[in-house]
Amino acid sequence: MIKIFNIYLIKRSFYFSFTILIFFGLLDSIFTFISELENISPQFNIFIIFKHVIFSMPHNCIQFLEGACLLGVILALGISHQEGNLNVLRSAGESPLKIIFISSIGALMLAIPLIAFDEISFRKIYLNSEANKNILSQKNISSNKDTTWIKSDNSYLSFENIIDDDIFNVRFIKTDNNEIVYTAKANSAKVSENKIVFSNNTLYKNFANDSLKTKSEIFTIPIQSKVALKNINHLGIKNIHSYQKFFSESILENDVLFKAHLDKVFYRTIFIPISIMALIIYFGSLIFTSLRDSTAGGRIVVAVIGAFIYKLLQDLSIGVFISYGFPVYLGVILPSIILFFMSIRAYQKI
């Protein structure tokens, strides 16, 4: 009988967490869709915008994962308490902490695979959709004025942004003996290992030979130029880890700061399950104390506010640790440690 109740708690927390995550994702997608309507054009029509929003939703849901899991478990425990299931488990000798741990299994069954799928697939789908959106809406070209120029052998390349393997607002200059051979201009191009592959709509201007026209050019882009600060949040864990190794050897102030931001995204992602557990363990204890007789609405408010304050404290602690040059992973995990200590006191009072 106890096993049945435990399985029921796990299933219920999983279903609630999943439903709430989808709700948050749809709500975010609606606002994204509305904001993208500002860039509507014959090429970037409503269908393309809708397609972009749908493809972006799985990756964007990661930012709501902690709140959705917390809210799902709190609702599952609250309903089970109203049905008397928690009293049955307590009467059978199950401790409140064990009940919370069992309920959290359902949330973790949602969170861990989602993080893995985001690393394997969702992130790439999002980046491909973002690249296609930038090409069709020409957002990068019209709004971004930060142009980077780099040199490789006798060639020069300028661009405004790199997303995954796509490079935007490309200006390429080929020289020979300090004379310009030809130039190429395109809205976008592909980065393939040590080559720049131009698109079919590339505009060429020849200076040495009127018939000269090339589809690709050998060009090595430095790793520093491939990573933009605004794109760090969309990098995969594997990519971030390789960039961390590269920047760890530098003592330049800008490189140290950039690595700190890489560390922030890296540790925040891998510590998501720990954050979820810290939130569930602490706020789950309230089901047996202050939230015991509260309504479902009251539990929702407490869970939402709790998740919001946690994210706010985590951002604050990360910012402080980056500013003072302390290990970033400590800033990421500090709020969880505080919650775990608060949980010890909370369960001692039950």
Side-chain angles (χ1 to χ4, degrees), residues 43 123-252 254-259 261-262 265:
Q43 293 78 24
R123 182 186 62 87
K124 293 180 181 179
I125 294 174
Y126 166 82
L127 289 173
N128 289 333
S129 178
E130 184 74 10
N132 184 60
K133 183 201 78 170
N134 287 331
I135 292 173
L136 295 177
S137 67
Q138 296 186 346
K139 183 177 180 180
N140 279 30
I141 299 172
S142 60
S143 63
N144 193 343
K145 297 181 181 180
D146 298 326
T147 301
T148 302
W149 278 96
I150 53 179
K151 180 178 183 294
S152 178
D153 294 331
N154 294 323
S155 301
Y156 297 85
L157 177 73
S158 77
F159 59 91
E160 289 183 353
N161 195 12
I162 293 180
I163 299 178
D164 208 14
D165 294 329
D166 294 285
I167 184 169
F168 296 94
N169 199 12
V170 182
R171 303 293 185 273
F172 181 83
I173 301 175
K174 180 75 172 181
T175 65
D176 185 23
N177 295 326
N178 295 325
E179 294 183 357
I180 298 177
V181 179
Y182 78 93
T183 62
K185 178 181 178 181
N187 293 339
S188 65
K190 289 285 184 180
V191 179
S192 178
E193 296 180 350
N194 63 338
K195 289 184 178 180
I196 302 295
V197 181
F198 299 108
S199 59
N200 293 328
N201 59 354
T202 301
L203 300 177
Y204 297 90
K205 187 174 182 180
N206 301 308
F207 293 87
N209 188 338
D210 292 338
S211 63
L212 182 61
K213 185 176 182 180
T214 180
K215 182 66 177 178
S216 64
E217 280 285 353
I218 296 176
F219 196 98
T220 302
I221 300 178
I223 191 170
Q224 300 99 317
S225 302
K226 291 183 178 180
V227 190
L229 187 61
K230 60 184 177 181
N231 293 331
I232 287 181
N233 290 329
H234 305 301
L235 291 174
I237 296 176
K238 184 178 179 181
N239 292 335
I240 292 177
H241 186 59
S242 64
Y243 294 143
Q244 284 174 318
K245 291 181 179 179
F246 178 83
F247 285 102
S248 63
E249 300 176 358
S250 176
I251 59 175
L252 296 176
N254 289 339
D255 290 347
V256 172
L257 180 60
F258 192 84
K259 182 182 179 297
H261 285 282
L262 287 171
V265 179

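What's counted below: heavy atoms across the whole structure, side chains too, no hydrogens, waters or symmetry copies.
Counting heavy atoms of neighbouring residues, nucleotides and ligands inside a 6.0 Å radius, atom NZ of K151 exceeds 12 of them.
F198 and A189 get closest at one heavy-atom pair: CA-CB, 4.2 Å. Of all heavy-atom pairs between K174 and S155, the closest is CD-OG, 3.4 Å. Between A186 and R171, the shortest heavy-atom contact is O-NH1, 3.8 Å.
A donor-acceptor pair is defined here as one N or O able to donate and one able to accept, closer than 3.5 Å; no such pair exists between the side chain of K238 and the backbone of I240.
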Between L157 and I167, does a side chain to side chain contact (heavy atoms under 4.5 Å, CB included) hold up when you go through it step by step? CA-CA 11 Å; L157 177 73; I167 184 169; 3.9 Å; yes
For the pair V170 and T202, evaluate side chain to side chain contact (heavy atoms under 4.5 Å, CB included) and give the outcome as yes or no after the intermediate values. CA-CA 9 Å; V170 182; T202 301; over 6 Å; no
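Evaluation of the side-chain contact (heavy atoms from CB on, under 4.5 Å) rule for I173 yields W149, Y156, T175, I180, T183 as partners, not counting sequence neighbours. Taking the side chain to side chain donor-acceptor pair (under 3.5 Å) definition, one finds that S129 meets it with H52, sequence neighbours left out. Take I237 and apply the side-chain contact (heavy atoms from CB on, under 4.5 Å) test, not counting sequence neighbours, and it matches E119, F266, T269, I270. Shown here are the ring pair (Phe, Tyr, Trp, His ring centres under 6.0 Å) partners of F219, two or more places apart in sequence or in another chain: there are none.
Taking CG from L127 and CG from L235, the interatomic distance works out to 8.0 Å, rounded to the nearest 0.5 Å. Between the CG atom in N233 and the NE2 atom in H261 there is a gap of 10.5 Å [rounded to 0.5 Å].
Note on ring orientation: taking the six-membered ring where Trp is involved, the planes of H234 and Y126 are tilted (angle from 30° to 60°). Using the six-membered ring where Trp is involved, F172 and Y182 have ring planes that are tilted, between 30° and 60° apart.
Sequence neighbours left out, the pairs with a member in residues 181-190 that pass salt bridge (Lys or Arg N to Asp or Glu O under 4.0 Å) are D166-K190.
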